Amino acid sequence: MSKRVFLNLEQRIEVLRQYENGKSARKLAELFNCGRRQINKVIKEKDLILKEYEDFKFCGVKRMRHEKYVDINEAVLEWFKTVRAKKIPATGPMIQHKAKELADPLGIENLSDSNGWLDRFRIRNNITCLSLCGEGADVDPSSREGWQERLPLLLAGYDDKGIFNMYEMALFFSSLPNKIIQKHDSKI
């Protein structure tokens, strides 16, 4: 009995290219060291495979498992894009919490927001983890205007002991995340 061979997405695309160039299913089965039945299935599911290739640019995947909760994943991705557009750092636990939060209004129970779900979510949406450095989230120039007039109004309800100078902000520095998750192809 021969060992079963699974063709990954990149190999299935190559099978389709060579089939369109005139190679027979039998020759392709020999070339890719798999059965003709598998080659015929690839040819039959050509449209689905091409769509998967467009959606998933990473090619090492052998089998595409379709998402169980498409609505949640789309909603979390939209939230993620909105948060990153505002230059707010997004961490893995934040994404997991948002997924749980969005599951209730959509009527989804027993949502698994595990680390495995987070990893698959990141891979599906081409999101990478980056370290924060430099001044990537500079202050918006429009918010600087009129600050001297607004500052006394903002500080009116606070005791002088509770107001910190910028050099004292180092106390809070370690509480901020130093890594964020970002969509790889975005310019945010």
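The structure presented is a predicted model; accordingly, all values stated were derived computationally and were not measured.
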**Student:** Any pair with a residue in residues 37-47 that passes salt bridge (Lys or Arg N to Asp or Glu O under 4.0 Å), sequence neighbours left out, goes on the list, sorted by first then second residue, please.
**Tutor:** Glu20-Lys46
**Student:** For Leu118, is there any backbone N or O sitting under 3.5 Å from a side-chain donor or acceptor partner on Arg122?
**Tutor:**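 No, because the side chain of Arg122 does not come within donor-acceptor range (under 3.5 Å) of the backbone of Leu118.
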**Student:** Checking side chain to side chain contact (heavy atoms under 4.5 Å, CB included) between Ile39 and each of Leu31, Leu16, Val15, which is the one that passes?
**Tutor:**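 Testing Ile39 for a side chain to side chain contact (heavy atoms under 4.5 Å, CB included) against Leu31, Leu16, Val15 leaves exactly one candidate, Val15.
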**Student:** Could you pull out all residues at least two apart from Asn21 that satisfy side-chain hydrogen bond (donor to acceptor under 3.5 Å, both in side chains)?
**Tutor:** none
**Student:** Heavy-atom count around Tyr19 OH within 6.0 Å, excluding the residue itself: above 12?
**Tutor:**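 Incorrect, the count does not exceed 12.
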**Student:** Kindly give the heavy-atom pair with the smallest separation between Val42 and Ile49, and that separation in Å.
**Tutor:**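 Of all heavy-atom pairs spanning Val42 and Ile49, the closest is O-CD1, 3.6 Å.
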**Student:** Tell me if a side-chain donor or acceptor on Gln11 pairs with a main-chain N or O of Asn8 at a distance below 3.5 Å.
**Tutor:** yes
**Student:** Less than 4.5 Å apart, any side-chain heavy atom of Thr82 and any of Lys86?
**Tutor:**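 They are in side-chain contact.
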**Student:** Quick check: closest heavy atoms across Ala25 and Asn40, and the distance to 0.1 Å?
**Tutor:** CB-OD1, 3.4 Å
**Student:** How about Leu9 and Arg12: do any of their side-chain heavy atoms sit closer than 4.5 Å?
**Tutor:** yes
**Student:** What are the two closest heavy atoms between Asn73 and Phe121, and how far apart are they?
**Tutor:** O-CE1, 3.6 Å
**Student:** Atom CD of Glu14 and atom CG of Leu28: how far apart are they, to the nearest 0.5 Å?
**Tutor:** 9.0 Å
**Student:** How many angstroms lie between CE in Met94 and CD in Glu101, if you round to the nearest 0.5 Å?
**Tutor:**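 So the gap between those two atoms works out to 10.5 Å.
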**Student:** Applying side-chain hydrogen bond (donor to acceptor under 3.5 Å, both in side chains), name anything that partners Arg26, two or more places apart in sequence or on another chain.
**Tutor:** Glu30
**Student:** Report the distance from atom CG of Leu102 to atom CD of Glu74, rounding to the nearest 0.5 Å.
**Tutor:**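 If we round to the nearest 0.5 Å, Leu102:CG and Glu74:CD are 12.0 Å apart.
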**Student:** Which heavy atom in Ala29 sits nearest to a heavy atom in Gly35, and how many Å separate them?
**Tutor:**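 Residues Ala29 and Gly35, closest heavy atoms: CB-C, 3.9 Å.
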**Student:** For Ile72 and Ala103, which heavy atoms make the closest approach, and how far apart are they?
**Tutor:** CD1-CA, 3.3 Å
**Student:** Work out which heavy atom in Cys34 is nearest to a heavy atom in Leu7; give both atom names and the distance.
**Tutor:** SG-CD1, 4.1 Å
